[in-house]
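Below is one structure, written out as C-alpha cells; the observations come after it.
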Amino acid sequence: MKKILIIEDEKDLSKFIQLELEYEGYEVRTAFNGRDGLELALHEDVDLVLLDLMLPKLNGIEVCRRIRLVKYTPIIMITARDSVLDKISGLDSGADDYITKPFEIEELLARMRSLFRRSEVPVNHNTIIYQDLEVNMESRTVKRGKDEIELTKKEFELLYLLLKNKNRVLTRDILLEKIWGFDTTIETNIVDVYISYLRAKVDRKEEESYIQTVRGTGYVIRD
C-alpha cells in the first residue's frame, strides 16, 4: 500500500483529498503547515507528497527545496496560482508536477498514477560520457572536464534524456511528457526555458552548444 503525505492548510480540502485517496486504497498522512509537513516528509517513508504552495510557517517552495536536498520522493505541487512564473518556481524547486485549484479528484489520481509509473522505471546507474561531459546517474552529478555543474532535478533529467537519445531529435511534446508528465495545462515553451537554463550551465562561451535546436521540432545532442 502506497503512503501519501498531504501538506495542505485548507482542512476541508485536505480531508476531502484524504477520504478520496483512502477510498482508492492509499494510506494517508496529513499536515497543516509547512514545518510539520517537512518533518513528516523527511522522517517518514512516504511514496508521494501533495504539497500546497501557500502554507503557514514555511511555504511550499521552501518545503520542496528542503525535501529535495535529501530525498527524491515524487512531489505534486497544489497551487491556486496559475502564472507561468509560479509554475516554473514550483518545478524548479524540485516538484515533479503541479495541479491548479480547483481540480477534479480524477485528474489528481491520474497525475499520481503517472508519477508512480515514471518513478518505478529502473534507474540506469551507468555513467554517460559525451566529449568532456560526464553524467553519473548514481550520484546524479554532472562534470564538464574537471568542473562540477550543479543542476536542478528537472535540468538533470532533461540533460540525461537528451544524452540517452543521442542523435535522435526529441520534440518539445516528447520532452514535456517524459520530464513533466502528460499535462495539457503546461505549455511546451517551458521546455525552451529549461533548455536555456541547461545551456547557461553546461555550455562555454564562444563554443557551439552541445544541445542543438531543430527549428519547429525540438532538440538533439549529436556526435
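The closest donor-acceptor contact from the side chain of K143 to the backbone of I149 lies at 3.5 Å or more, if one exists at all. Side-chain atoms of N59 never come within 3.5 Å of backbone atoms of L55 as a donor-acceptor pair (strictly under, hydrogens ignored). Between the E39 side chain and the D36 main chain, no donor and acceptor come within less than 3.5 Å of each other. A donor-acceptor pair under 3.5 Å is formed between the side chain of R111 and the backbone N or O of Y98. Between the side chain of R199 and the backbone N or O of I211 there is at least one donor-acceptor pair closer than 3.5 Å. For D96 (side chain) and I75 (main-chain N/O), a donor-acceptor pair under 3.5 Å exists by modelled atom type. Panel note: side chain R68, backbone G94; a donor-acceptor pair is recorded below 3.5 Å.
F116 and I6 fall within the same hydrophobic cluster, where Ile, Leu, Val, Met, Phe, Trp and Tyr residues are linked whenever their side-chain heavy atoms come under 4.5 Å apart, directly or through other members. Connection of V169 to L198 is not established within any shared hydrophobic cluster, with ILVMFWY side chains joined at heavy-atom distances below 4.5 Å, either directly or through further cluster members. Residues I129 and L151 do not share a hydrophobic cluster, clusters being chains of Ile/Leu/Val/Met/Phe/Trp/Tyr side chains in contact below 4.5 Å. Under the 4.5 Å side-chain heavy-atom criterion for Ile, Leu, Val, Met, Phe, Trp and Tyr, L13 and I105 are members of the same hydrophobic cluster. L158 and I174 fall within a single hydrophobic cluster, where Ile, Leu, Val, Met, Phe, Trp and Tyr are joined by side-chain heavy atoms under 4.5 Å apart, directly or via other members.
At least one side-chain heavy atom of E107 sits under 4.5 Å from a side-chain heavy atom of I99. Considering only heavy atoms from C-beta on, M112 comes within 4.5 Å of L21 through its side chain. Residues I179 and L161 are in side-chain contact: their nearest non-hydrogen atoms beyond the backbone lie under 4.5 Å apart. At least one side-chain heavy atom of Y160 sits under 4.5 Å from a side-chain heavy atom of I128. The shortest distance between side-chain heavy atoms of K166 and R222 does not fall below 4.5 Å. No side-chain heavy atom of M137 sits less than 4.5 Å from a side-chain heavy atom of T127. Taking the side chain as every heavy atom from C-beta outward, C64 and L51 approach each other to under 4.5 Å. For the pair L50 and E8, the minimum side-chain heavy-atom distance is 4.5 Å or more.
The heavy-atom pair separating P56 from N33 by the smallest distance is O-CB, 3.5 Å. Shortest non-hydrogen contact noted between V63 and L38 is O-CD1, 3.9 Å. Here the closest heavy-atom approach between residue P74 and residue L115 is recorded as CB-CD1, 4.0 Å. Contact between I221 and Y210 at its shortest, heavy atoms only, is CG1-O, 3.5 Å. When all heavy atoms of H43 and K71 are compared, the closest pair comes out as N-NZ, 4.4 Å. The shortest heavy-atom contact between S14 and F32 is OG-CE2, 3.8 Å.
Remark: K154 is not positioned above the aromatic ring of Y194, lacking an NZ or CZ atom under 6.0 angstrom from the ring centre and at most 45 degrees off the axis.
Each of Q18, K2, E20 was compared with V28 under the side chain to side chain contact (heavy atoms under 4.5 Å, CB included) criterion, and only Q18 meets it.
In this structure, E150 places its CD atom where only 12 or fewer heavy-atom neighbours from other residues, nucleotides or ligands lie under 6.0 Å away. Within a 6.0 Å sphere centred on NZ of K57, heavy atoms belonging to other residues, nucleotides or ligands number 12 at most. Within a 6.0 Å sphere centred on CG of N167, heavy atoms belonging to other residues, nucleotides or ligands number more than 12. Applying the 6.0 Å contact sphere to CD of Q131 captures more than 12 heavy atoms from other residues, nucleotides or ligands. Counting non-hydrogen atoms of neighbouring residues, nucleotides and ligands closer than 6.0 angstrom, the CD atom of E106 exceeds 12 such neighbours.
Rounding to the nearest 0.5 Å gives a distance of 5.0 Å between CG of L108 and CZ of F103. Atom OG1 of residue T73 and atom CG of residue L5 lie 9.0 Å apart, to the nearest 0.5 angstrom. Rounded to the nearest 0.5 Å, atoms CZ (R65) and CD1 (I67) are 11.0 Å apart. Atoms CG and CD, from L170 and E177 in turn, are 12.0 Å apart once rounded to the nearest 0.5 Å. The CD1 atom of I17 lies 12.0 Å from the CD atom of E22; values are rounded to the nearest 0.5 Å. A distance of 10.5 Å separates NZ of K201 from OG of S196, quoted to the nearest 0.5 Å.
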task: Decide salt bridge (Lys or Arg N to Asp or Glu O under 4.0 Å) for K3 and E44; before the verdict, give the C-alpha distance in whole Å, the side-chain angles of both, and the deciding distance to 0.1 Å.
output: CA-CA 10 Å; K3 184 186 291 187; E44 290 203 14; 3.6 Å; yes

task: With side-chain hydrogen bond (donor to acceptor under 3.5 Å, both in side chains) as the test, would you mind laying out the steps for Y26 and D47 before giving the verdict?
output: CA-CA 10 Å; Y26 295 104; D47 296 290; over 6 Å; no

query: Could you walk me through whether S209 and D203 pass the side-chain hydrogen bond (donor to acceptor under 3.5 Å, both in side chains) check?
result: CA-CA 6 Å; S209 176; D203 291 346; 2.6 Å; yes

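Ion pair R204/D132 flagged as a salt bridge, since at least one NZ, NE, NH1 or NH2 atom sits closer than 4.0 Å to an Asp/Glu carboxylate oxygen. Residues R172 and D192 are paired through a salt bridge, judged by an N-O separation under 4.0 Å between the basic side chain and the carboxylate. A salt bridge links R144 with E207: at least one charged nitrogen is closer than 4.0 Å to a carboxylate oxygen. Salt bridge status for K101 with D52: present, with a side-chain N to carboxylate O gap under 4.0 Å.
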